[in-house]
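Just below is one structure, and these are the notes that go with it.
What you see is a predicted model; the values in this text were computed from it and never measured.
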Amino acid sequence: FNYWKKDIEEKELCQYVKSTSSKTNEDKKYTYYYCHRSFAPRITNKGYKSSKSGGSVKTGHVCSSNIKVHIDHQNIKVSFCSTHLWHTHDIGKQRLFVEDRSMSAGKLALGVPVNRILDDVRSSDIEGGIKRIHLLEKQDIHNIKRSYNIAYTTKKHENDAISVNIWVNEMMAKGDKSPILYYKQQGESGNYDLCFSKDDFCLIIMTQFQSELFLKFGNDKICIDGTHGLNGYNFQLYSLVVVDEYGNGFPVAFCFSNKSDTALFKHYFQCIKNAIGNITAAVFMSDDEPAFYNAWSEIMGLANKQILYENNFYIGLQTVLNHLLNDKDTEDYGKYFKSMYSNKIEKWAYFNRKYIGINTNMYLEALHKNIKHCYLDGKQCKRSDVSINALMAL
């Protein structure tokens with residue numbers, strides 16, 4: 001019966017669905033199917049949202065086409081009315097068949113990317129005409145994820161805060177193998193470090209593999225920077241990166257927090273020091289914010305970077321600065337450059353790092369680009385557990 005029903009639905013470009021559950025009377029079972037385009041749509045938005053541009057699947061009328069099934073022991077009696085009323089036969093109004101949904105759900109469960117599933121469907125041969133599966137869209141994939149409860153590993157609850165809290169507790173239950181160095185939930189009242197208030201959030205992550213990389217390469221080059229856009233709560237992600245002997249950058253620790261001051265970074269580095277011991281970096285690279293290096297030098301000690309001076313650079317810089325200050329069009333920029341950068345040349349000038357194997361913050365830029373565009377598909381991330389899932393997949 002199911003094979004016959006599916007064949008009819010493919011020919012008629014509709015689905016027959018149950019209006020109620022099957023009825024049982026003694027040894028007989030009665031099941032009634034009606035056309036899926038019958039009746040009016042169930043509107044729950046109270047007019048706050050615009051209607052679908054393509055219109056609703058429901059017609060507001062009762063289509064006369066139906067199937068009545070009577071099962072008596074091993075005998076099946078089917079009464080079928082094939083005449084449709086009040087609607088046309090549009091493939092775009094058809095639902096995905098259960099078999100097609102199950103096939104896509106299986107691929108999603110195996111970790112096949114959404115774009116790969118869509119590409120496979122669109123590149124498949126069309127035999128016997130276009131079917132509903134050939135019109136598969138990303139929204140269909142997301143509906144399948146929701147129906148089959150297929151989610152990323154860090155999603156434990158529909159509420160983002162509860163989801164993160166459950167995941168953190170699961171990780172902390174691993175004991176010595178836990179990647180959680182510190183966790184303070186927003187709005188948590190009780191015992192927490194003095195650098196945080198009740199409304200602050202902080203999550204510090206470092207896996208066992210990352211700690212081994214930190215111990216192996218942390219005494220050479222250390223890079224740190226923050227990035228935004230990984231959640232909808234204005235929490236910054238502060239990433240620590242080390243560079244191996246081949247010039248490749250590896251993230252070794254992550255910190256999510258709404259704070260961005262020296263007290264936070266001191267706590268960040270202190271948690272790392274408590275986990276793996278003191279790290280004496282030869283080169284410490286950060287952005288123009290002095291809080292990073294101030295916190296590092298206080299917790300881990302001063303970096304052992306050799307300062308290289310070149311008199312010709314200072315002469316050339318002074319000449320350029322004079323030109324900027326004497327030109328009305330660039331005078332404001334000249335004053336800004338003089339006050340912000342001319343007094344700390346050794347921190348940004350290339351001559352001061354041309355022998356230490358590091359040029360710009362390319363390691364951090366590559367890391368953040370990889371997170372946002374490869375693991376998050378270049379989309380604005382709203383949930384923290386999605387960002388955490390991307391970090392744990394690196």
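Closest of all the heavy-atom pairs between G226 and F292 is N-CZ, 4.5 Å. Between P251 and Q210 the shortest heavy-atom distance is O-NE2, 3.3 Å.
Counted by atom type alone, S197 and D200 present one or more donor-acceptor pairs between their side chains at under 3.5 Å. For the 3.5 Å distance criterion, the side chains of T262 and N294 fail to qualify, holding no donor opposite an acceptor.
One distance of note links CG of L230 with CG of L391; it measures 7.0 Å at 0.5 Å rounding. Rounded to the nearest 0.5 Å, atoms CD (Q236) and CG (D225) are 9.0 Å apart. Note that the CE atom of M285 and the NZ atom of K221 stand 11.5 Å from one another [nearest 0.5 Å]. To the nearest 0.5 angstrom, I205 atom CD1 is 12.5 Å from C271 atom SG.
Note: F39 and Y34 meet the aromatic proximity criterion, with ring centroids under 6.0 Å apart.
Residue L203 forms a side-chain contact (heavy atoms from CB on, under 4.5 Å) with just one option from F254, Y182, Y183, and that option is Y183. With F265 as the partner, the ring-ring contact (aromatic ring centres under 6.0 Å, His included) test is satisfied by one option alone out of Y238, Y293, W296: Y238.
Between F235 and Y233, the ring-plane angle classifies as tilted under the 30° and 60° cut-offs. Taking the six-membered ring where the residue is Trp, F1 and Y33 present tilted rings, their angle falling between 30° and 60°. In this structure, H61 and W86 have parallel ring planes: the angle between them is below the 30° cut-off, well short of the 60° mark. Aromatic ring orientation, Y333 versus F337: tilted (interplanar angle from 30° to 60°).
For residues 321-330, the pairs satisfying side chain to side chain donor-acceptor pair (under 3.5 Å) are Q318-N322, with sequence neighbours left out.
In this structure, E212 has no salt bridge (Lys or Arg N to Asp or Glu O under 4.0 Å) partners at least two apart in sequence or on a different chain. For E158, the salt bridge (Lys or Arg N to Asp or Glu O under 4.0 Å) partners at least two apart in sequence or on another chain are K155.
In this structure the side chain of K156 never reaches within 4.5 angstrom of the side chain of D385, judged on heavy atoms.
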